[in-house]
**Student:** 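Structure incoming, see below.
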Amino acid sequence: MVPAKEVKFKFQKIKRVPDDGRYGEDIDDPIVELLPLTEEYNISADSMQEENTKQNGVGLDKMEEAYLERPESERSSSLSDPDIRCGYFKYSPDWLQYWNNPKSLLFFLCCLSMVQGFVVNGINNVNTSTIERRFELPSSRVGTISSAYDVSAAILGIVISYFGSGRNKPRLIACAAIVMSIGSFMMALPHFTTGPYQWGQNSAEKCKDPSIVPECTTNSDLQNYLYVFLFGQALHGVGGTTLYIVGVALLDDSVPASSSPMYVGVLYAFATLGPALGYIVGGQFLNIYVDYHVTDSNGTGLSADDPRWVGAWWIGFICSFLLFLVFSLPLFGFGKELPTAKHVRATRVSQVHGGKDDKDLIHKDSNNRSIREFPKAMWGIISNPTFLLITLAGTGEGLATSGFATFMPKLIQNQFGITASWASMLGGLMAVPGAAGGQFIGGLVCKRWKLKIQGMLRLNIIVCIAAMILDTVVWIRCPEDSVAGVNIQYNISNDKMMPQLAHSCNSNCSCSTEFYEPMCTEDMVQYFSPCFAGCSNGLQNGQSYTNCTCMHHRNSGVPKTMTATVGRCKSDCYLLYIFLPLLLFAIFFRFMLSPPALSATLRCTHDNQRTFALGIQWFIARLLGTVPGPIFFGAIIDSTCLVWQENECGDKKSCYIYDNASLSANFFIILVCVKIFTALMFILAYKVYKPPSDKGITTVIKKPEESNGFDSICSPEPKSDSTTVV
């Protein structure tokens, strides 16, 4: 046997049906060193790689990787093809070809995915409570903003994946970046078309004369801006679905099967790094007053820890608008495919479920697909049970993850009594190592142990169980603030009934819940506003109230006047520092599922069906998962509201105070039920998956001196069931 390093492989002239739809072409490329496997002879990846390793001392994946590491000039003479050269219009100099490789493509896709995650899942989620306050919206309606992304992604994703799989994929992704930049601009637009923020600066919240009936005015045109946010987020969805469907398929087409999970894991790690940066940077923006460019925040008398504070939510959208434009430029320069794509197609070994493909569909030129073939193509993919079960598992994960991510800052803010900006900062600090690390480690494990489909499914089952245990973190919370008339009775009351804000001690004050101005007494009891505390006098020294009819406490039956200071009661709870590390690990295991699940999806479908399969998967997962997720979580949060913001007409706007115990219970039930469903789907996928059976293949290896010019490494023998090495 000649040592592996001395063996030279060349192609014979054979007739085959390539993956790209060309029929019966002669293949004579002495640069490529492995014979393409035809669709007529599917070989299991395990058996072929093992046989190569035993006989040659090097596996198929190693040979592919060694090929891809060679310089472009030695690797392929096809760089002269203008369709795969880097450049702009007719300008494609040789120095630009330095970037014409999978690693450079991965870098630019990572930058784009990071900006997409920054604005869609970072800035948007950080601004949830701020947009509620600024535009007087309840959580359930704000949740529709996140869902708008998934609605457009689901509907257009399946169309883009079907008709765009054979197009110029890099240019399609660049156009998607332009669309997302327009979406970010639309999200910031309401700030520039509304007047200054009104937080009640002209309304006295002390006890008022009951004979003066406040006028009922329905001036809330602000809520109509919800539709502007929906349109902007829908544009984000159009660009995002193109990025993750076409972009992942482009990467998978350009690298060996063993490296694909790692590349996808890195891409998704940066995609989750974006939201983490969005939480951190967006949280800092919320410390800036919303109208800082027209009003000095010091003149308002508000601080960031005041519940009426609204930060500069719009700056993050302006930043993403500019970044999308910048990162679209390099992607416009790539060709229709990378120079490595041809070799990857030729050497990839099939792992299609059952080893069966629809020949009419996979051999069809993807540039000439018609709408009449759409139902047949879709049914061919959905009827793959492994694909369908993995997709259903992703649907459950999408529902829980999208809802939890949207309202995670709000959960931290309410459960631990901190500001919106600080809650966003802490959420981002946990999401950086958690989500990005989970994505990276998930891809790394698949590459390190060279996991095939069954190994990936086993890994995800274990990860689901670990994540379900860690979801108990949502039970950790600080004790609720004691708010008179909300969760405790007024101190002067002996009633056994449920607490109510309206009480005999403030019945002559004509109070409303339109503006929230909390105040705290020395015995750590909080009052909703000076009006509900029965305070008829103004502020003393600009920070305290006295002589309030509802703020007496009893000492041996003798009422004693108390003093209340403006602001919420301070808490000495330190459970936040136990909650955060556990949250980090919960996020880590939740996101570790993605690279194995995505790689299993790509492996169990044929090469020419993968882009369309991703589109179908996104359609199902988003329509049934990520679309209802934020709306469902928002409705659950609204159901725990104790005090709503209401105007004189009784119209409910946003929520001021929540029942934190019910909030924890609802979150826990949803997360655990979804994890059980996800684990069950992965178990069923593992049971029903059938790896392709080995076909008869004879492997022949000759020494160079015995060769007549064409050294055959594979020759099909249909009647043989064994693999022979000569």
Side-chain angles (χ1 to χ4, degrees), residues 72 79 81-123 149 153 156 160 164-189 232-233 235-255 263-264 266-271 273-275 277-278 281 315-341 611:
E72 292 288 350
L79 275 176
D81 185 354
D83 286 340
I84 65 171
R85 286 182 65 86
C86 272
Y88 298 90
F89 301 102
K90 295 183 179 181
Y91 181 72
S92 57
D94 291 340
W95 64 268
L96 269 181
Q97 310 319 308
Y98 175 81
W99 303 96
N100 201 2
N101 56 71
K103 292 181 180 179
S104 298
L105 174 66
L106 177 64
F107 172 78
F108 293 120
L109 289 180
C110 284
C111 292
L112 192 58
S113 66
M114 187 166 62
V115 179
Q116 186 270 345
F118 172 84
V119 62
V120 173
N121 297 316
I123 295 296
Y149 174 91
L156 292 178
I160 291 172
S165 59
R167 310 289 173 179
N168 190 321
K169 292 179 182 178
R171 191 164 299 172
L172 196 60
I173 298 170
C175 292
I178 299 297
V179 173
M180 287 190 285
S181 70
I182 299 174
S184 294
F185 178 78
M186 294 300 299
M187 296 288 282
L189 189 61
Q233 194 73 330
L235 292 178
H236 283 152
V238 173
T241 191
T242 306
L243 170 62
Y244 289 109
I245 291 177
V246 180
V248 169
L250 177 61
L251 276 178
D252 190 67
D253 291 343
S254 306
V255 297
Y263 274 74
V264 173
V266 171
L267 175 65
Y268 274 74
F270 274 84
L273 181 63
L277 292 176
V281 177
I315 299 180
F317 292 117
I318 294 296
C319 293
S320 59
F321 160 68
L322 298 174
L323 289 173
F324 277 130
L325 293 177
V326 170
F327 290 124
S328 67
L329 297 178
L331 290 167
F332 273 117
F334 280 94
K336 291 184 178 180
E337 64 177 10
L338 297 190
T340 59
T611 305

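We number each residue from 1, following the sequence as shown.
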**Student:** Nearest heavy-atom pair of Ile123 and Gly278: which atoms, and what distance?
**Tutor:** CD1-O, 3.7 Å
**Student:** Do you know which two heavy atoms are closest between Leu235 and Met180, and how far apart they sit?
**Tutor:**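 Heavy atoms only, the tightest pair is O-CG, 4.2 Å.
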**Student:** How far apart are the closest heavy atoms of Ser254 and Pro102, and which atoms are they?
**Tutor:** O-CG, 3.6 Å
**Student:** If you round to the nearest 0.5 Å, how far is SG of Cys86 from CG of Asn100?
**Tutor:**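 Answer for the CG-SG pair, Asn100 versus Cys86, is 3.5 Å.
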**Student:** What closest approach, in Å, do Ala177 and Leu112 show between heavy atoms, and which atom pair accounts for it?
**Tutor:** CB-CD1, 3.7 Å
**Student:** What heavy-atom pair brings Pro170 and Leu250 nearest, and what distance separates the two atoms?
**Tutor:**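 Closest approach of Pro170 to Leu250, heavy atoms only: CG-CD2, 3.8 Å.
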**Student:** How far does SG of Cys110 sit from NZ of Lys103, to the nearest 0.5 angstrom?
**Tutor:** 13.0 Å
**Student:** What distance separates Leu109 CG from Phe270 CZ, expressed to the nearest 0.5 Å?
**Tutor:**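 Reported value, rounded in 0.5 Å steps: 11.5 Å.
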**Student:** How many angstroms lie between CD in Gln233 and CE in Met186, if you round to the nearest 0.5 Å?
**Tutor:**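 Answer for the CD-CE pair, Gln233 versus Met186, is 12.5 Å.
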**Student:** Report, one line per pair, each donor and acceptor closer than 3.5 Å where one atom sits in a side chain of residues 237-244; sequence neighbours left out.
**Tutor:**
unit_1 : atom_1 : unit_2 : atom_2 : d
Thr241 : OG1    : Ala153 : O      : 3.3
Thr242 : OG1    : Val238 : O      : 2.9
Tyr244 : OH     : Gln116 : OE1    : 2.9

**Student:** Has Tyr88 got more than 12 heavy atoms of other residues, nucleotides or ligands less than 6.0 Å from its OH?
**Tutor:** yes
**Student:** Going by atom type alone, with no hydrogens or angles, which donor-acceptor pairs under 3.5 Å involve a side-chain atom of residues 315-331 and a protein atom two or more places apart or on another chain?
**Tutor:**
unit_1 : atom_1 : unit_2 : atom_2 : d
Ser320 : OG     : Ser184 : OG     : 3.0
Ser320 : OG     : Gly316 : O      : 3.4
Ser320 : OG     : Phe317 : O      : 2.9
Ser328 : OG     : Leu325 : O      : 2.8

**Student:** Does Phe185, at its CZ atom, have more than 12 non-hydrogen atoms belonging to other residues, nucleotides or ligands within less than 6.0 Å?
**Tutor:**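 At most 12 heavy atoms, drawn from other residues, nucleotides or ligands, come within 6.0 Å of this atom.
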**Student:** Answer yes or no: is there a side-chain heavy-atom contact under 4.5 Å between Tyr268 and Val248?
**Tutor:**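 Result yes, sub-4.5 Å side-chain heavy-atom pair found.
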**Student:** Would you please classify the geometry between the Phe108 ring and the Phe334 ring as parallel, tilted or perpendicular, with 30° and 60° separating the classes?
**Tutor:** perpendicular
